[in-house]
Amino acid sequence: MTPQQTEQFFAILAAADPEPRTELLYDTPFQLLVAVVLSAQATDAGVNKATPALFAAAPGPAEMVALGEDRIRDLVKTIGLFNTKAKNVHALSAILMQQYGGTVPETREALQALPGVGRKTANVVLNVAFGQETCAVDTHIFRVANRTGLAPGKTPDAVEDALMAVIPPAYRRHAHHWLILHGRYICIARRPQCWRCPVAALCAYEPKTPAPLP
DNA sequence: ATCCCGAGGG
DNA sequence: CCCTCTGGAT
């Protein structure tokens, strides 16, 4: 994709959502962090169902530590990989209390040192909670970057590097948001909805899928 | 490369 | 019934 096409690509996605909300959907960076840790290999619907009760019981890291691993596990039972996730959420909360005064650190290194937090989760927190110009390459963005030809790469890390190299400065802050929504609702894994895709003309994916018969 | 591991969709 | 879903650690 040429730089002009890349510019157009983002201009079109941005036009669909010109002023993405910058307020957190969760009350605090801590709750966002926990929600993203829980979202690994899980559906967003499953996480959205479990988090209200979890955060009602433990809104911050102090309460999460007090709640204890067993009760956390109980509250996230309906999500896959719940054993690992309960352990990580509890351990991570304890570290925030011990090392960061109960706050969420704002650097990639500190975030990635937390249990259950890898590069993708760290990048989401940095972007969504702290407004940094990072792009978290999850399966949605990995697929969109490769399928469209926007920023091809064989590994998520390679795609992230490619994205950071091609995203025009004006779009860097919200590129993550626009790309993930595009992947979630239009450029779907099984059956991309090319017939209603706003960037189909710029996309390398072939054959473009036709609209389903009524 | 393998394990973790429930819910929902096709 | 089989597969995927906003991964991370070993």
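Each chain gets a letter, A, B and so on, in the order the sequences are listed, and its residues count up from 1.
- Residue-environment remark: NZ (K49(A)) stays at or below the threshold of 12 foreign heavy atoms within 6.0 Å.
- Across all strands, I188(A) comes closer than 4.0 Å to no nucleic acid atom at all (heavy-atom distances).
- The NZ atom of K120(A) sits 11 Å away from the C1' atom of dC5(C) (whole-angstrom rounding).
- Taking atom CG of L111(A) as the reference point, atom C1' of dG8(C) lies 14 Å away to the nearest angstrom.
- Between chain A and DNA chain B, the heavy-atom contact criterion of under 4.0 Å yields a 5' to 3' nucleotide range of dC4(B) to dG10(B).
- Under a cut-off of 6.0 angstrom, the local environment of CD in E19(A) is sparse, with at most 12 non-hydrogen atoms contributed by other residues, nucleotides or ligands.
- Taking atom NZ of K85(A) as the reference point, atom P of dT6(C) lies 11 Å away to the nearest angstrom.
- Both V117(A) and V124(A) lie near DNA chain C, and the one whose nearest nucleotide falls closer to the 5' end is V124(A).
- Between E160(A) atom CD and dT6(C) atom C1' the separation is 14 Å, expressed in whole Å.
- Partner of V104(A) under the side chain to side chain contact (heavy atoms under 4.5 Å, CB included) criterion, out of L111(A), V34(A), L92(A), L32(A): L111(A) alone.
- K77(A) has a carboxylate O that lies under 4.0 Å from a charged side-chain N of D74(A), or vice versa, which qualifies the two as a salt bridge.
- In this structure, CD in E160(A) is found 11.0 Å from NE2 in H176(A), a value given to the nearest 0.5 Å.
- Proximity of T121(A) to the phosphate of dG8(C): a side-chain N or O atom is located under 4.0 Å from OP1 or OP2.
- The nearest whole Å value for the distance from the CD1 atom in I180(A) to the C1' atom in dG7(C) is 13 Å.
- Distance, K87(A) NZ to dT10(C) P: 11 Å, rounded to whole Å.
- Look at CG on N83(A): it is 16 Å from P on dA9(C), rounded to the nearest Å.
- Between F9(A) and H182(A), the two ring planes are perpendicular [angle over 60°; tilted spans 30° to 60°].
- Under the 3.5 Å distance criterion, the side-chain polar atoms of R143(A) are matched with a main-chain donor or acceptor of C187(A).
- Put simply, the side chain of P29(A) reaches to within 4.5 Å of the side chain of L24(A), judged on heavy atoms.
- Here I79(A) lies in heavy-atom contact (under 4.0 Å) with sugar-phosphate atoms only.
- The distance between atom CG of D157(A) and atom C1' of dG8(C), rounded to the nearest whole Å, is 12 Å.
- Applying a 4.0 Å cut-off to non-hydrogen atoms, the residues of residues 26-51 of chain A that approach DNA chain C are S39(A), A40(A), Q41(A), A42(A), T43(A), D44(A), listed by residue number.
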